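Here's the structure we're looking at; comments come further down.
A note on names: the letters A, B, ... follow the listed sequences, proteins ahead of strands, and every chain is numbered from 1. Everything numeric in this text was worked out from a predicted model, so none of it was measured.
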Protein chains: 2
Amino acid sequence: MQEAVHAAVTALIDETGREGLTVPQVAARAGVTPSTIYRRWTDMATLMRDVAQRNLRVDCPLKPCGRLSVDLPAWAEMYQEEMDSTPGRAMMRDVLRGWDGTQKACSLFDAVRPTIVSICDAAGEPVTFDADAVIDAVVAPVLTRILFTDGPLPAALARDAAAAFVARHASGG
Amino acid sequence: MQEAVHAAVTALIDETGREGLTVPQVAARAGVTPSTIYRRWTDMATLMRDVAQRNLRVDCPLKPCGRLSVDLPAWAEMYQEEMDSTPGRAMMRDVLRGWDGTQKACSLFDAVRPTIVSICDAAGEPVTFDADAVIDAVVAPVLTRILFTDGPLPAALARDAAAAFVARHASGG
DNA sequence: CTGCTAAAGCAAATAATTTGCTTTTAATGA
DNA sequence: TCATTAAAAGCAAATTATTTGCTTTAGCAG
């Protein structure tokens with residue numbers, strides 16, 4: 001049933017957009033009664049957050065070459081493009097609508113950490129930092145700028161941040 | 001009228017919390033009709049976002065001593081405490097609920113920039129970076145961790161980030 | 001097979017939202 | 001000053017969403 005409702009939400013979102021979307025609409029499309037949805041999710045916001053979290057895998061389709069000064073900026077650029085895109089922003093919107101201010105809005109960091117770790121593992125150099133440092137240095141600026149500035153991000157933002165990060169951890173860092 | 005409604009929202013929030021809050025409740029408290037509120041704000045979420053943005057001044061009650069390695073970490077620590085507090089998180093919650101995914105959720109950056117600039121202006125040293133670099137380095141990690149990790153932040157997070165930032169811009173940076 | 005529990009349906013009751021129309025308010029110009 | 005008018009607010013009916021009590025179904029254990 002959860003499946004049918006999730007599918008209905010996804011279908012309705014790209015047919016009519018996420019703006020007018022209501023619980024009764026989703027229920028009708030999924031072939032269930034509204035009360036079923038209300039009892040399981042309480043809210044349209046909660047339901048959309050749930051759906052958004054399913055589509056939360058950020059893979060690394062890039063083959064690391066083993067040099068951090070190449071691999072990390074390359075990944076950063078791809079990550080930024082992914083998050084600053086229409087679907088990326090929509091995912092963040094849905095996820096943040098359900099945020100209650102206390103617990104984490106979603107496990108976004110857990111989704112990127114493995115990719116960062118795998119890049120570091122593939123590096124033919126000693127790694128002097130951990131994944132969370134990379135998150136602070138490149139993921140954080142991307143996400144906050146998406147939320148708190150207007151218009152698309154500077155194209156090189158994440159790439160440059162990653163390059164600078166690697167540079168300062170390579171030499172004297 | 002806007003005044004009365006804003007006041008009603010603020011009052012009701014700390015009497016009954018923000019969770020159950022409805023437009024008709026606010027209307028009754030403010031002495032207006034619900035339709036007035038719906039026409040002006042469309043949503044409870046939009047209204048709460050509007051109210052949250054009024055309380056958006058982050059002042060710097062600290063007297064800069066003129067050394068960036070002291071002033072910037074001191075400010076960063078205070079900023080983190082402010083944002084990671086219950087009211088700080090509540091403000092972010094309210095502001096992000098109204099976010100549509102395209103335009104900025106609120107002018108959070110414009111609220112901190114002047115403070116950062118004034119600290120830099122008070123510095124008895126040449127400043128080799130701009131305010132946005134500070135935002136990326138210290139504000140961004142604080143905000144993203146509030147949103148995407150559980151529990152309170154490491155107490156020294158922003159302070160250390162600011163100190164490291166100043167350090168790398170002082171010597172070889 | 002029978003009883004039990006959790007989930008879903010159904011429909012009535014309640015509450016929120018929208019809407020058309022009327023009234024007030026405040027500003028403007030004769 | 002007083003009419004004129006446009007924007008904002010009130011009011012109430014209509015619509016829509018949400019909640020709730022109760023019934024039904026499906027899956028599972030004895």
Considering only [options], which nucleotide approaches the side chain of [X] most closely?
X     : options                : value
B:V23 : C:dT17, D:dG10, D:dA17 : C:dT17
B:Y38 : D:dT20, D:dA9, C:dA16  : C:dA16
A:T36 : C:dA8, C:dA11, D:dA9   : C:dA8
A:M1  : D:dA17, D:dG10, C:dA8  : C:dA8

Separation of [N] [atom2] from [X] [atom1] (nearest whole Å):
X     : N      : atom1 : atom2 : value
A:I37 : D:dT20 : CD1   : P     : 17 Å
A:W41 : C:dA7  : CH2   : P     : 12 Å
A:E3  : C:dA7  : CD    : C1'   : 16 Å
B:R40 : D:dA9  : CZ    : P     : 7 Å
B:R39 : C:dC21 : CZ    : P     : 12 Å
A:M44 : C:dT17 : CE    : P     : 16 Å

Subject >> Short side-chain to backbone donor-acceptor contact, B:D150 and A:Q103, under 3.5 Å >> reply: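 The answer is no, because no donor-acceptor pair under 3.5 Å joins these two groups.
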**OP:** Measure up the B:F109 and A:F148 rings against each other and bin them: parallel (under 30°), tilted (30 to 60°), perpendicular (over 60°).
**Re:**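 If you compare the ring of B:F109 with that of A:F148, the planes turn out tilted.
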Original post:
Charged N to carboxylate O under 4.0 angstrom, A:K63 versus A:D71?
Top reply: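 No, no charged N to carboxylate O under 4.0 Å.
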Original post:
With the threshold set at 4.0 Å, does a side-chain nitrogen-carboxylate oxygen contact exist between A:R40 and A:D50?
Top reply: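 The answer is no: the pair does not qualify as a salt bridge.
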Original post:
If you pin A:G20 and A:S35 to their nearest nucleotides in DNA chain D, which one's is more 5'?
Top reply: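 Its nucleotide being nearer the 5' end, the pick is A:G20.
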Original post:
Within the pair A:T22 and D:dA17, is there a side-chain N or O less than 4.0 Å away from OP1 or OP2?
Top reply: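 Yes, such a contact exists.
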